[in-house]
Amino acid sequence: QVQLVESGGGLVQPGGSLRLSCAASGIIFSINVMGWYRQPPGKERDLVATITRSGSTNYADSVKGRFTISRDNAKNTVYLQMNSLKPDDTAVYYCKVTHYYGEEHWGKGTLVTVSS
């Protein structure tokens, strides 16, 4: 099993920044991809960004140039630096990890609210 603990969400004004963290514990040696997804109110959950163990990244078009995903393999932690936040970025942000053999695990989510 894998346990994921997300932190860093909160209320921020438009144009502001937040940094999300997701720490993984448990059976972690086989984790390949770590990523962030988000679910705005009343909408489906969508990809924000992913990063492989080797450092390859993938971003949703809506966050390119504003968000940066990174990971610390020694700490089994993935980060999402979010800059120039917009009201449309308001959502519950979920961490997801995927093992090399395909098994996935989700965190419980952290709420990000962008509002003045």
Drop me the distance from [X]'s [atom1] to [Y]'s [atom2], to the nearest 0.5 angstrom.
X	Y	atom1	atom2	value
Y79	D72	OH	CG	5.0 Å
T50	R71	OG1	CZ	10.0 Å
T68	N83	OG1	CG	6.5 Å
L20	F67	CG	CZ	8.5 Å
S21	Q81	OG	CD	9.5 Å
I51	I69	CD1	CD1	5.5 Å

Treating Ile, Leu, Val, Met, Phe, Trp and Tyr as nodes and any side-chain heavy-atom pair under 4.5 angstrom as an edge, say whether [X] and [Y] lie in one connected cluster.
X	Y	answer
Y59	V112	yes
L18	V63	yes
L47	V92	yes

N/O donor-acceptor pairs under 3.5 Å from side chains in residues 31-40, not counting sequence neighbours:
{"unit_1": "N32", "atom_1": "OD1", "unit_2": "R53", "atom_2": "N", "d": "3.4"}
{"unit_1": "Y37", "atom_1": "OH", "unit_2": "K96", "atom_2": "NZ", "d": "3.4"}
{"unit_1": "R38", "atom_1": "NH1", "unit_2": "D89", "atom_2": "OD1", "d": "2.9"}
{"unit_1": "R38", "atom_1": "NH1", "unit_2": "Y93", "atom_2": "OH", "d": "2.9"}
{"unit_1": "R38", "atom_1": "NH2", "unit_2": "S62", "atom_2": "OG", "d": "3.4"}
{"unit_1": "Q39", "atom_1": "NE2", "unit_2": "K43", "atom_2": "O", "d": "3.1"}

Practice prompt. Count the heavy atoms of every other residue, nucleotide or ligand shown that sit under 6.0 Å from OH of Y101, and state whether that count exceeds 12.
Written response: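 Counting other residues, nucleotides and ligands, OH of Y101 exceeds 12 neighbours.
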Discussion item. For the CD1 atom on I27, are there more than 12 heavy atoms of other groups (residues, nucleotides or ligands in this structure) within a distance under 6.0 Å?
Written reply: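 For I27, atom CD1 is not crowded (no more than 12 foreign heavy atoms under 6.0 Å).
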Discussion item. Could you go through W106 and L4, starting from their C-alpha distance and side-chain angles, then the distance that decides it, and tell me whether this counts as side-chain contact (heavy atoms from CB on, under 4.5 Å)?
Written reply: CA-CA 7 Å; W106 289 90; L4 301 174; 5.5 Å; no
Worksheet item: Between the side chains of T113 and S115, is a donor N or O closer than 3.5 angstrom to an acceptor N or O?
Response: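 S115 and T113 do not have a side-chain donor-acceptor pair below 3.5 Å.
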Indicate the atoms forming the closest heavy-atom contact of [X] with [Y], along with that distance.
X	Y	value
L80	A49	CD1-CB, 4.4 Å
R66	L85	NH1-CA, 3.9 Å
G107	E6	CA-OE2, 3.4 Å

Worksheet item: Would H99 and V2 satisfy side-chain contact (heavy atoms from CB on, under 4.5 Å), going step by step from the backbone distance to the final call?
Response: CA-CA 10 Å; H99 294 268; V2 173; 3.5 Å; yes
Practice prompt. Verify, without hydrogens or angle tests, whether T90 (side chain) and V114 (backbone) share a donor-acceptor contact under 3.5 angstrom.
Written response: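 Here the side-chain-to-backbone pair exists.
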